[in-house]
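The first residue in the sequence is number 1, and the count goes up from there. This is a predicted model, so every value here is computed, not measured.
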Amino acid sequence: MSLEVDGGFALLTLDNPGRGNALSAELVELLHESVARVVANASVHTLVFTGAGRHFCTGFDLSTLDDETDASLLARFVRIELLLDAVWRAPLRTAAFGAGRIVGAGADLFAACDHRLLAPDASLRFPGAGFGIVLGTRRLAARVGADRALRWVSTGETVDAHAALASGLATGIASDAAAAAVVAGEPAVGRDTYAALRAALSDQGADRDLAALVRSAAAPGLKERIVAYRDRVAAARG
């Protein structure tokens with residue numbers, strides 16, 4: 001992962017393209033630290049997320065699954081939820097540019113940002129309910145409506161860029177250069193005012209989001225459910 005700060009902009013790049021920028025425990029902690037650093041830097045007015053390589057983020061990193069326990073997996077999901085909430089409530093403008101596959105917690109990170117731009121070939125999917133996890137659903141519903149969010153999450157269907165735009169999940173479809181132009185200037189209001197607007201619009205849902213996640217993930221057999229999901233996906237891919 002890399003963080004570059006220049007002229008009021010912070011560019012945070014998920015940089016593990018060999019794993020599709022999947023969210024390992026280590027990457028999530030780096031993201032926490034980087035977001036906190038950006039928020040603490042009063043000169044930054046815009047935080048932009050992007051991904052190196054073909055994909056923005058392919059979700060929860062399953063590469064260490066065989067060594068995990070129910071407890072360690074629950075802890076990882078809690079850290080992801082806290083990260084998503086920190087982005088959702090950040091006192092500055094946030095943006096994400098997503099290309100390729102945007103899956104699970106990666107799609108939740110995309111949805112948490114103010115400006116949500118997709119490459120024309122991008123697709124999103126929210127498969128967490130497939131292994132019994134409730135993560136990001138309320139925030140997704142705030143973008144696309146409760147009925148559509150429930151359908152997408154419960155079925156794990158793939159959402160292409162144009163469907164994402166039509167639903168409100170994406171705010172634009174653009175090339176890299178055009179996406180950069182969307183947030184090239186400073187926000188129309190200062191950071192203090194932006195933070196005050198964010199606070200005024202806050203829905204006070206953080207505790208409910210975390211509680212819903214913990215209830216779902218704390219059910220016995222979390223690792224078993226994720227292993228079964230991984231095996232189903234592998235079988236479907238042949």
Student: Using a strict cut-off of less than 4.0 Å between a Lys/Arg side-chain nitrogen and an Asp/Glu carboxylate oxygen, indicate whether R76 and E26 qualify as a salt bridge.
Tutor: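 E26 and R76: not salt-bridged.
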Student: Which pair of heavy atoms, one from F131 and one from L222, lies closest together, and at what distance?
Tutor: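 Closest approach of F131 to L222, heavy atoms only: O-CD1, 4.4 Å.
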Student: What are the two closest heavy atoms between N21 and N16, and how far apart are they?
Tutor: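 Minimum heavy-atom separation between N21 and N16: OD1-N, 2.7 Å.
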Student: Do R198 side-chain atoms and A90 backbone N/O form a donor-acceptor pair below 3.5 Å?
Tutor: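 It does hold such a pair.
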Student: Any salt bridge linking D66 with K223? Criterion: basic side-chain nitrogen under 4.0 Å from a carboxylate oxygen.
Tutor: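 No, no charged N to carboxylate O under 4.0 Å.
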Student: Assess whether a salt bridge exists between R151 and D147, defined as any Lys/Arg side-chain N lying under 4.0 Å from an Asp/Glu carboxylate O.
Tutor: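 Not counted as a salt bridge, because no side-chain N and carboxylate O are separated by less than 4.0 Å.
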Student: Within a reach of under 6.0 Å around CG of D192, are more than 12 heavy atoms found that belong to other residues, nucleotides or ligands?
Tutor: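 No - once you tally the heavy atoms of other residues, nucleotides and ligands closer than 6.0 Å, there are 12 at most.
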Student: If we ignore angles and hydrogens, is there a donor and acceptor under 3.5 Å between the side chains of S2 and D15?
Tutor: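 Their side chains do not contain a donor-acceptor pair, so the 3.5 Å distance test is not met.
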Student: Counting N and O atoms only, with roles assigned by atom type, does the side chain of S167 sit under 3.5 Å from a partner on the main chain of V144, one being a donor and the other an acceptor?
Tutor: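 Checked: no pair found.
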Student: Assess whether a salt bridge exists between R125 and D160, defined as any Lys/Arg side-chain N lying under 4.0 Å from an Asp/Glu carboxylate O.
Tutor: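 No salt bridge links R125 with D160.
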Student: Is the backbone N or O of R101 less than 3.5 Å from a side-chain atom of H55, with the two atoms forming a donor-acceptor pair by type?
Tutor: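 Yes, the answer is positive, given that a donor and an acceptor are paired below the 3.5 Å cut-off.
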Student: Look at D209 together with R138 and state whether they make a salt bridge at an N to O cut-off of under 4.0 Å.
Tutor: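 A salt bridge links D209 with R138.
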Student: Count the heavy atoms belonging to other residues, nucleotides or ligands that lie under 6.0 Å from CD of E224, then report whether that count exceeds 12.
Tutor: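 Open: at most 12 neighbouring heavy atoms sit under 6.0 Å from CD of E224.
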